[in-house]
Amino acid sequence: TQLNIDEYTETLPPIGQASSSAAFGGKAAGPVVTITDLAIGPLRLETLNVRRSERQRGQGQVLGMDVLGRYRWHLRLASGVLDLDPPPGVRTENELKLVPRGHIYVEASWPGVIARACLDTGAGATVVDRTFWLGHPELFKQIGATAGTDANGDQAETPLLLMDGPVIGQHAFSRHRAVAVDLSPLNSTLEKPMDLILGYPTIRLANWLF
């Protein structure tokens with residue numbers, strides 16, 4: 001979890017340092033501080049270690065898997081709702097795959113093609129690894145270019161693609177937009193390299209129960 005530097009968090013003494021790799025190859029880093037009495041809707045946490053973002057105020061808030069990973073949660077972006085610990089009774093058929101840092105991986109498939117995809121609700125774009133795009137041109141149509149910004153605030157122009165909708169967890173997605181980025185610098189830091197980062201444009205097309 002990451003919070004912006006503000007009048008409260010800037011007074012907290014650092015207890016460590018945390019960093020993560022961003023899509024364009026840079027590093028997002030910041031001091032770790034301990035906050036108390038965190039309230040997010042009905043969620044209450046007495047203490048939590050968070051990374052303090054030194055970026056401009058209002059740009060670095062992230063609720064991470066260190067919090068969400070404690071719960072069973074139902075995400076309904078079309079309704080703007082995140083339910084924590086929803087009532088049991090829904091049958092699930094897909095194994096939840098987590099990497100050591102808590103990221104969620106799902107399998108995305110097309111006829112004859114399978115991709116490893118990382119779910120990132122904070123990503124404003126769905127990202128396709130450039131190597132995967134070039135290796136499977138039948139799944140994509142380039143429709144232009146767009147400027148993108150990664151989690152570190154770095155910007156780059158990326159190819160804008162129309163991606164054939166994959167099947168994820170027995171759900172067939174419709175065709176939608178994605179961008180192509182060379183993920184090899186990021187993948188070199190990961191135990192499990194990814195072919196896709198499923199961002200908001202993909203996630204909003206379905207309801208998810210984790």
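We use all heavy atoms of the structure for the numbers below, so side chains are in, but hydrogens, waters and symmetry mates are not. For this chain, numbers begin at 1 and follow the sequence in order.
Using modelled atom types and a 3.5 Å distance limit, the side chains of Asn94 and Glu107 yield no donor-acceptor pair. Judged purely by distance below 3.5 Å, without hydrogens or angles, the side chains of Ser184 and Asn187 never pair a donor atom with an acceptor atom.
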Determine whether Asp164 and Arg175 satisfy the following criterion, salt bridge (Lys or Arg N to Asp or Glu O under 4.0 Å), listing intermediate values before the conclusion.
CA-CA 5 Å; Asp164 286 355; Arg175 210 176 193 201; 3.0 Å; yes
Assess the residue pair Leu96 and Ile104 against the criterion (side-chain contact (heavy atoms from CB on, under 4.5 Å)); give the C-alpha distance rounded to whole Å, side-chain angles, the decisive distance to 0.1 Å, and a yes or no.
CA-CA 7 Å; Leu96 184 61; Ile104 298 172; 3.8 Å; yes
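Of the residues listed (Thr126, Leu160, Val128), the one engaging Val179 in a side chain to side chain contact (heavy atoms under 4.5 Å, CB included) is Leu160, and it is the only one.
Considering all non-hydrogen atoms of both residues, Pro13 and Val33 come closest at O-CG1, 3.9 Å. The two residues Ile197 and Met194 make their nearest non-hydrogen contact at CG1-SD, 3.2 Å. Across Arg51 and Ala18, no two heavy atoms sit closer than the pair CD-O, 3.4 Å. Pro31 and Pro14 make their closest contact through CB-CB, 3.9 Å (heavy atoms, listed as atom of the first residue, atom of the second, distance). Closest of all the heavy-atom pairs between Glu7 and Thr11 is O-CG2, 3.3 Å. Of all heavy-atom pairs between Asp66 and Asn49, the closest is OD2-O, 3.8 Å.
No more than 12 heavy atoms of other residues, nucleotides or ligands sit less than 6.0 Å from atom CD of Glu46. No more than 12 heavy-atom neighbours from other residues, nucleotides or ligands sit within 6.0 angstrom of CZ on Arg177.
Met163 contributes atom CE, which lies 15.5 Å from atom NZ of Lys141 (distance to the nearest 0.5 angstrom).
Ring orientation note: the planes of Phe140 and Phe132 are nearly perpendicular, at an angle over 60° on the 30°/60° scale. Aromatic ring pairs are classed by plane angle as parallel below 30°, tilted from 30° to 60° and perpendicular above 60°; the pair His176 and Phe173 is tilted.
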